[in-house]
Each structure stands twice: as C-alpha cells, then as structure tokens.
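Just so you know, these numbers use all the heavy atoms, side chains as well, and skip hydrogens, waters and symmetry mates.
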Amino acid sequence: FFEAYKSEHTIQHIFLFIYLMRVVFFNVIIGFLFKSPFAQALLINFLSLGMLTYLLSKTPIKEKLCLSQHVLMESSLFAYNFCLLILATMDLADAQAESTRAFFGGFMVFVMVMAPIGTAVLVLLKMTLRIQELYSQFQAQKDALKLVESGFKFKKVRARGNFFIGESQN
C-alpha cells in the first residue's frame with residue numbers, strides 16, 4: 001500500500017497522515033467557526049495553500065499522474081477557496097458590488113465543474129497506461145510460453161513481468 005509514496009524523507013512518507021489532518025482541520029474549521037465566515041475562508045485558504053505547497057515542494061507521491069491528480073484537485077480547491085475568501089471579505093465590508101459577486105460566483109462554478117472533468121481525464125489516462133502495461137506483460141508471458149513449446153529450457157529465475165528467463169538447450 002505504501003509503495004505509491006516516496007519514503008526518502010519522513011515528510012514524504014507521512015502523506016496520508018498530512019492529508020487526513022487537512023480533512024480533519026477543514027471539518028473543525030467549518031464546525032466551530034460557523035459564526036465567522038471570514039475566519040473560515042481565511043483558515044481554509046491557509047490549509048489549501050499549505051497542502052498545495054507540500055505537494056509541490058515535497059512531491060510525496062511516486063507516480064507523476066497520481067501526483068498531478070492531487071495537485072490539480074488541490075489547485076482547484078485553492079482557486080475556489082480564494083474566491084470564497086474574496087466573497088467573505090466583501091460581506092465583511094458590506095460591499096454591494098453584485099457584478100463582482102456574480103463574476104466570482106461564476107468562476108467558482110466553473111472551477112467545480114472543470115476539476116472533476118480534469119480528474120476524470122487523468123484517471124482515464126492512468127487506466128489506459130495500466131491496461132497497456134498489463135497487455136505487455138500478457139504478451140511477454142505468451143512469448144515465453146511459445147518458447148517452452150519450442151523446446152526452450154528455463155532456469156528457475158523469476159523476472160519482472162512474472163515470466164521466467166531461460167536459455168536454449170543448444
């Protein structure tokens with residue numbers, strides 16, 4: 001399970017703990033600061049910025065596509081939360097600029113529509129690459145079986161891709 005995460009440094013290895021703590025802090029902020037939307041927005045922005053900084057500076061995930069997926073989602077959340085902070089600031093200042101509110105509201109909707117689409121594209125790309133990898137392994141095993149049928153003698157050495165390396169009887 002932990003093979004997907006880099007373990008060169010402790011800060012990389014504890015990615016799941018950091019991620020879960022972000023979720024817990026988010027819920028604590030929402031639950032306890034419900035009377036202060038500005039404080040909620042400000043603290044949630046710090047959480048998003050901190051997580052985004054962590055993902056980009058420490059790169060705790062080995063697979064580039066998986067890391068890209070996390071960065072995309074965290075960037076989307078940060079953009080959304082930043083707009084939320086602007087709207088909360090406008091509420092705090094009793095600003096009545098409806099066109100500005102409509103712009104940021106529209107942008108927030110755009111971000112929340114595009115983020116899942118981007119994630120779905122990355123998931124499909126990961127699935128495609130995994131299917132290609134499995135097909136390559138299948139072909140290698142099929143080729144190895146053909147060698148066995150043609151009289152190729154195998155050593156008892158296991159290789160990557162779950163097939164055996166051998167040498168000919170000649």
Side-chain angles (χ1 to χ4, degrees), residues 1-31 43-85 105-170:
F1 176 72
F2 289 104
E3 291 177 3
Y5 306 105
K6 292 182 179 177
S7 60
E8 297 150 6
H9 303 285
T10 303
I11 196 77
Q12 292 173 328
H13 195 66
I14 60 170
F15 168 72
L16 283 179
F17 176 75
I18 292 171
Y19 187 78
L20 288 173
M21 287 297 99
R22 182 176 85 48
V23 171
V24 167
F25 288 141
F26 176 85
N27 288 320
V28 166
I29 290 168
I30 295 298
L43 291 173
I44 289 171
N45 269 281
F46 284 134
L47 278 177
S48 288
L49 185 61
M51 190 64 174
L52 191 57
T53 302
Y54 168 70
L55 286 171
L56 293 173
S57 66
K58 300 300 178 188
T59 58
I61 301 169
K62 286 181 184 177
E63 282 187 45
K64 296 219 183 291
L65 277 176
C66 194
L67 179 63
S68 298
Q69 186 177 357
H70 280 283
V71 169
L72 172 69
M73 285 306 299
E74 202 58 48
S75 298
S76 301
L77 285 172
F78 181 69
Y80 184 89
N81 291 331
F82 190 74
C83 289
L84 190 64
L85 178 62
F107 184 74
M108 292 167 74
V109 170
F110 174 77
V111 166
M112 285 299 117
V113 168
M114 294 309 293
I117 292 171
T119 299
V121 167
L122 288 174
V123 167
L124 287 173
L125 184 58
K126 285 190 324 188
M127 285 175 46
T128 303
L129 292 174
R130 181 66 179 143
I131 288 169
Q132 286 177 339
E133 180 184 330
L134 290 172
Y135 182 73
S136 295
Q137 288 177 357
F138 171 75
Q139 286 299 106
Q141 288 177 350
K142 191 170 141 181
D143 293 342
L145 185 58
K146 285 180 185 177
L147 289 174
V148 169
E149 291 171 352
S150 69
F152 201 77
K153 183 179 178 183
F154 281 82
K155 294 179 184 177
K156 296 281 185 174
V157 178
R158 192 169 281 279
R160 188 171 187 201
N162 298 326
F163 61 91
F164 293 94
I165 298 176
E167 55 190 36
S168 109
Q169 291 179 348
N170 299 336

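For the pair Met73/His70, no side-chain contact is recorded, criterion being any heavy-atom separation below 4.5 Å from C-beta on.
The two residues Val111 and Ser76 come nearest to each other via the heavy atoms CG1-O, 3.3 Å.
With values rounded to the nearest 0.5 angstrom, Leu56 atom CG is found 6.5 Å from Ser75 atom OG. Rounding to the nearest 0.5 angstrom, the gap separating the CG atom in Leu65 from the CG atom in Leu124 is 11.5 Å. Atom CG in Leu72 sits 4.5 Å away from atom OG1 in Thr119 (nearest 0.5 Å). One finds the OG atom of Ser136 at 7.0 Å from the CD atom of Gln132 (value rounded to the nearest 0.5 Å). Residue Phe138 holds its CZ atom at 9.5 Å from CG of Asp143, rounded to the nearest 0.5 Å. Of the inter-residue distances, the one linking Lys126 atom NZ with Gln69 atom CD reads 4.0 Å to the nearest 0.5 angstrom.
With sequence neighbours excluded, the residues satisfying side chain to side chain contact (heavy atoms under 4.5 Å, CB included) with Ile117 are Val113, Met114.
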Report, one line per pair, each donor and acceptor closer than 3.5 Å where one atom sits in a side chain of residues 18-27; sequence neighbours left out.
from: Arg22; atom 1: NE; to: Glu74; atom 2: OE1; distance (Å): 3.3
from: Arg22; atom 1: NH2; to: Glu74; atom 2: OE1; distance (Å): 3.1
from: Asn27; atom 1: ND2; to: Val23; atom 2: O; distance (Å): 3.2

Using a 3.5 Å cut-off and no angle test, enumerate the donor-acceptor pairs between side-chain atoms of residues 44-53 and protein atoms at least two apart in sequence or in another chain.
from: Asn45; atom 1: OD1; to: Phe82; atom 2: N; distance (Å): 3.3
from: Asn45; atom 1: ND2; to: Ala41; atom 2: O; distance (Å): 2.8
from: Asn45; atom 1: ND2; to: Asn81; atom 2: O; distance (Å): 2.8
from: Ser48; atom 1: OG; to: Ile44; atom 2: O; distance (Å): 3.4
from: Ser48; atom 1: OG; to: Asn81; atom 2: ND2; distance (Å): 2.8
from: Thr53; atom 1: OG1; to: Leu49; atom 2: O; distance (Å): 2.7

